[in-house]
Amino acid sequence: MYLTDEEKRMLDGEYGEGTALAMRVQVGIGEAFGAERMLPITRAHVALSNQDADVWFAEKLSGLDAKCKIAPTTNPGFDVEYFDKHVNLKPVDMEQMNRTYKAYQKIGAILNFSCTPYLFDNIPRRNEICAFSESSATPYMNAIYGAKSNRESALSALCAAITGVVPEYGLILDENRKGEVLVEVKATITNDFDYQLLGYAVPKKIGHKIPVFTGLPSSISPEAIMYLCAELNTAGAVPMFHILGMTPEAQTIDQAFGKNQDYEVVTITDEDLKDIHEKISERAGKIDFVLLGCPHVSLDQVIKIAYMVEGKTLKSELWINTSAHTKEIVNRMGLLKVIEAAGGHVIKDTCIDQPIWHHLEGTLGATESPKCSYYAKRRQLNFVIRPFEQCIQGALEGEIV
Ligand code: F3S
C-alpha cells in the first residue's frame, strides 16, 4: 500500500521501536483489507480489558517507548482503591490493574476508564476519521454522530493512536456505510429496555449486515441508543446502522441504502423480543444483588436511582458502574450519599467483566443489561434481566418480578 514519507519513517523506526511496531500492525491490517493508503485520525478510543493479552501488548509498546500521537480515551478496568476497601481483593488482581494503569499512563492515553466516552469525554463530529474500539462506542459514533471508524480491536485502536493513522478501508469509505437490510420494527417500543432486546434480537435475523431501522419512536433517549449499540455487538458484530429519518446518513431511504436498492426486509415483532428475553434471562424471584452499568449508567440514570432509594434501605446489594465524571457530579449534587445511605455502591472506572466480583459468584442477581449477563456468566454470575427501574425496585425488595 502507498505510504507517505512520514509513514515510512515511522515504519523504519525513526520514531522508535514502539511506533515502528504499531505501524507494522497498521500496515498489516491495511494490506489484509486491501487498503490503498493511510488516513490521519483525530480521535481514538481503546477498549482496554485489563486482561492478559491486553496488558502484555500495552506493556510491550510502552516498554518500547511508544507514545500516542492522538491521546485515546480508555475503557474501564476496576477501581483498585474502592474494591480494596469493600471486597477481598486478591493481590494478583490488584497487581494486574496497576500494571494496566502504568502502561496506559506511560503511553499517553486519557485514563477516563469509561465505556461510554461518546456521552462525555470523546465526542466526534460528522465525518471525523477515528479509531474506536468498544462494542457500543463504535456504532454510536458511526451511526449517531456520522463520524467514521471501523470496528477496531483494543490493540488496533492503540496502534492507530500511536501512529495517528488508520488504513482506508471498510467503514472509512462512504460506499461501505450504506444500509443492507431494512428492519421494520413492528414490536411495541415503549421504554429504553425495549432497545436492549431489540439490539439482541436483530443480529439473530440479519447477521453482520448494516440495518436501517424503521418503525421506531421519533424521539429516542441517549441511553436507549447506547443499549441498542451495545447489544447489536453482543449478539452480533454491527458497527454501523441507520435509523430512517433520524441518523445523519439516513434522512431518506435513498440516502440510507445508496446503490443497495435490492435490500432485504425483515420484521421484528413483540414475539421476537419476548422470545429473546425469555431465552437470556434467569427466572424472577429472590435476588442477592443488582449490578447495573454495562455500558456505564448515565448521569440521568444515577439521579433517578438516588430519587428511588432516598430514605430507604436496600435489601439486596446494589452495584452501579458509572464514569468518574458522573460519580463526581452526583457527589456534588449530594446524591452519592443518598445512594450510599441506602446501602448502594456507586463505582467509577469499573467493568462488569473483571476479576473483582468473586463475592457474588454462584449467586443470583438482576441487571438491566443482556451484555452484562452474557459476559459475567463465565465468572459464575447469573442474572434476571429486567428494565432499569424494576432492577432498582428489586434491590429495595430483595426480589424481582
Ligand atoms: Fe463496559 Fe465492561 Fe460492559 S467495558 S460495556 S462494563 S463489559
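Order of listing sets the numbers, starting from 1, for every ligand and every atom in it.
- Counting only residues at least two apart or in different chains, side-chain hydrogen bond (donor to acceptor under 3.5 Å, both in side chains) contacts with residues 239-252 comprise Arg177-Glu249.
- In summary, the side chains of His359 and Asn88 do not present any donor paired with an acceptor at a separation below 3.5 Å, with no hydrogens or angles considered.
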Hey, mind stepping through Gln96 and Asn50 against side chain to side chain donor-acceptor pair (under 3.5 Å) and telling me if it holds? CA-CA 7 Å; Gln96 175 109 334; Asn50 185 41; 4.5 Å; no
Cut-off 3.5 Å, no hydrogens considered: what does the side-chain donor-acceptor table look like for residues 345-352, sequence neighbours left out?
{"unit_1": "His345", "atom_1": "ND1", "unit_2": "Tyr82", "atom_2": "OH", "d": "2.8"}
{"unit_1": "Lys348", "atom_1": "NZ", "unit_2": "Asp79", "atom_2": "OD2", "d": "3.1"}
{"unit_1": "Thr350", "atom_1": "OG1", "unit_2": "Asp79", "atom_2": "N", "d": "3.0"}
{"unit_1": "Thr350", "atom_1": "OG1", "unit_2": "Lys348", "atom_2": "O", "d": "2.8"}

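- Asn233 contributes a side-chain N or O that, together with a main-chain N or O of Cys229, makes up a donor-acceptor pair within less than 3.5 Å.
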Indicate every side-chain donor-acceptor pair of residues 181-189 with a distance under 3.5 Å to a residue at least two apart or in another chain.
{"unit_1": "Thr188", "atom_1": "OG1", "unit_2": "Asp270", "atom_2": "OD1", "d": "3.3"}
{"unit_1": "Thr188", "atom_1": "OG1", "unit_2": "Asp270", "atom_2": "OD2", "d": "3.2"}

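- Sorted by chain then number, the residues whose non-hydrogen atoms approach ligand 1 to under 4.0 Å are Asn75, Pro76, Cys115, Glu134, Gly293, Cys294, Pro295, Cys351, Ile352, Lys371.
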